[in-house]
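Heavy-atom basis, side chains included; hydrogens, waters and symmetry copies ignored.
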There are 2 protein chains.
Amino acid sequence: MSKLSPVQQKFILHWGEMGTKWGINRTVAQIHALLFMSPKPLHADDIVETLGVARSNVSTSLKELQGWGIVRRVHVMGDQRDHFESMKDVWEMFRVVLDERKKREIDPTLAVLRECIVEAEKDKETDEYTEQRLRELAAFFETTTAWYGQIRTWPTSALTKFVKLGDKIRKVLGLGGG
Amino acid sequence: MSKLSPVQQKFILHWGEMGTKWGINRTVAQIHALLFMSPKPLHADDIVETLGVARSNVSTSLKELQGWGIVRRVHVMGDQRDHFESMKDVWEMFRVVLDERKKREIDPTLAVLRECIVEAEKDKETDEYTEQRLRELAAFFETTTAWYGQIRTWPTSALTKFVKLGDKIRKVLGLGGG
DNA sequence: CTTAAATTTCTGTCTAAACAGAAATTAACG
DNA sequence: CGTTAATTTCTGTTTAGACAGAAATTTAAG
């Protein structure tokens, strides 16, 4: 388990590149891609050999992927080493990532926005415009996170049906608007 | 225009930090936050003074923000310098960013996935499992981008009505599941 | 057209994160 | 329990991107 097909290499390289565009370390994303495509759990030395990175770097990266919740440690009969596998269900995986993003970035942003608004109300130094801006941004995040909070629990089947309705929903619900 | 209130400082610092989590340079995100909160367009030297960064770095950052489509150059009567302003409508701004993300990352990812799938079909070296994984991932992106393609044009009023319905939509549309 | 202002590009420096290897710690086995 | 295997943490090095200042280019004004 150290030979990658050209297809696998291509995907792993691309996925790593995309990771960096979303603030994720390239190697972390590459390890994820490798695990995602692996039919069986891999142990760290497999990953070392396959991707050609240091053992300690693999250890740290796996820790991060576990922190995101998309990779988990499993044990294999007759092998004392930790093995790792990626989540397989794509919809579920993206939901887990979204949840983590919400927890790490969006919720703290909302908290900061709310603090800023409270402070701006008391503080005459901050102009009215800034306060309005912050309120509008907070409203956006509140609205979108409330929405997400409701649909995140939908089963994939309901979600895909919903998504496939697309524009038709507008008419059905009489949402109107030009 | 070089004095920031504590509230503004707080938000700018936080927004910059959040930018890095999404693959955006901290200074770029901070400049955006500053422009977002400014009632009037700012010129580059304003930004230099206010944030304390080099003029050339401001120039490069503004170029990037313009590339994202969320900042534009404007001219002010009686001043030969370029001034810059951020988009103000939050919903619109996030739509612009999403569009750009789709163009820069998601569309290319779909292209790579499709190529990989074609190659995997021809290539006996790539196992069946990998091919199935790639198909499932491609299907996810195809479904979600098709959905986005339809709702991105909705006016904000329709969009917020839709979002505020949240879970109720499921019953109305008879989506079932769980 | 010339000059000054303004902006961008280039280049070398800096910085934070990524990385590899050594050391320390933990876990498994006999 | 002692030994070995496995993993994690630590530390110094490397790297890529961020950054500042100088040089080049472009634009505006007289």
Side-chain angles (χ1 to χ4, degrees), chain A residues 1-2 12-13 15-35 41-68 71-85 104-105, chain B residues 1-2 12-13 15-35 41-68 71-85 104-105:
Chain A
M1 169 67 261
S2 64
I12 287 171
L13 287 172
W15 199 249
E17 201 59 39
M18 290 302 105
T20 66
K21 312 270 177 168
W22 294 84
I24 308 295
N25 166 350
R26 175 178 286 102
T27 302
V28 169
Q30 287 180 348
I31 291 170
H32 175 240
L34 178 62
L35 291 175
L42 300 178
H43 58 82
D45 284 328
D46 278 335
I47 299 169
V48 168
E49 283 170 44
T50 310
L51 299 182
V53 295
R55 179 66 180 77
S56 61
N57 199 10
V58 169
S59 177
T60 305
S61 299
L62 285 170
K63 190 169 181 176
E64 181 169 337
L65 287 168
Q66 287 173 81
W68 279 100
V71 162
R72 69 169 181 160
R73 186 189 331 196
V74 297
H75 282 88
V76 173
M77 292 301 305
D79 195 332
Q80 68 174 329
R81 293 176 296 190
D82 293 344
H83 282 64
F84 299 88
E85 64 181 9
R104 293 177 183 201
E105 289 128 35
Chain B
M1 171 69 256
S2 61
I12 288 170
L13 288 173
W15 199 249
E17 201 59 38
M18 292 302 105
T20 65
K21 313 260 182 189
W22 293 85
I24 309 295
N25 166 350
R26 175 181 284 103
T27 302
V28 170
Q30 288 180 347
I31 291 171
H32 174 241
L34 178 62
L35 291 175
L42 300 178
H43 57 84
D45 284 326
D46 279 333
I47 298 169
V48 168
E49 283 170 45
T50 308
L51 299 181
V53 296
R55 178 67 180 76
S56 60
N57 198 11
V58 168
S59 177
T60 306
S61 299
L62 287 170
K63 188 168 179 178
E64 184 171 334
L65 288 167
Q66 287 173 84
W68 281 99
V71 162
R72 70 170 178 156
R73 186 187 331 195
V74 296
H75 281 88
V76 172
M77 291 300 305
D79 194 331
Q80 68 173 331
R81 293 175 297 189
D82 293 345
H83 281 63
F84 300 88
E85 62 181 12
R104 293 177 183 200
E105 289 128 36

Q) Less than 4.5 Å apart, any side-chain heavy atom of A:E85 and any of A:L35? A) no
Q: Verify the distance criterion only: is there a donor paired with an acceptor across the side chains of B:D82 and B:H43 at less than 3.5 Å?
A: no
Q | Side chain proximity check, A:L62 to A:I47, heavy atoms < 4.5 angstrom | A | yes
Q) Can you tell me how far P of D:dA16 sits from CD1 of A:I24, to the nearest Å? A) 19 Å
Q. So which nucleotide from C:dT9, D:dA20, D:dA6 ends up closest to the side chain of A:R81?
A. D:dA6
(Q) From CD of A:Q80 over to P of D:dT3, roughly how many Å is that when rounded to an integer? (A) 17 Å
Q.
From the set C:dA6, C:dT9, D:dA20, return the single nucleotide nearest to any side-chain atom of B:V53.
A. D:dA20
(Q) What contact category does A:D82 fall into here, base, sugar-phosphate, or nothing, at under 4.0 angstrom with non-hydrogen atoms? (A) sugar-phosphate
Q: Would you classify B:R55 as touching base, sugar-phosphate or nothing, given that sugar-phosphate means primed atoms plus P, OP1 and OP2, and contacts are heavy atoms under 4.0 Å?
A: base
Q: Provide, to the nearest angstrom, the distance between the CG atom belonging to B:D79 and the P atom belonging to C:dA4.
A: 19 Å
Q. Please give, in whole Å, the distance from C:dA28 P to A:H75 NE2?
A. 6 Å
Q. What about A:T27: does its side chain form a donor-acceptor pair under 3.5 Å with the base of C:dA18?
A. no
Can you list, pair by pair, the side-chain donor-acceptor contacts under 3.5 Å of residues 20-30 of chain B, counting residues two or more places apart and other chains?
residue, atom, partner, partner atom, Å
B:T20, OG1, B:E17, O, 2.7
B:W22, NE1, A:E105, OE1, 3.1
B:N25, OD1, B:T27, N, 2.8
B:R26, NH2, B:E17, OE1, 3.1
B:R26, NH2, B:E17, OE2, 3.4

Q: Take the protein atom CG of A:L65 and the nucleotide atom P of D:dT8, then report the distance between them rounded to whole Å.
A: 13 Å
Q. How many Å lie between NZ on A:K21 and P on D:dA16, as a whole number?
A. 15 Å
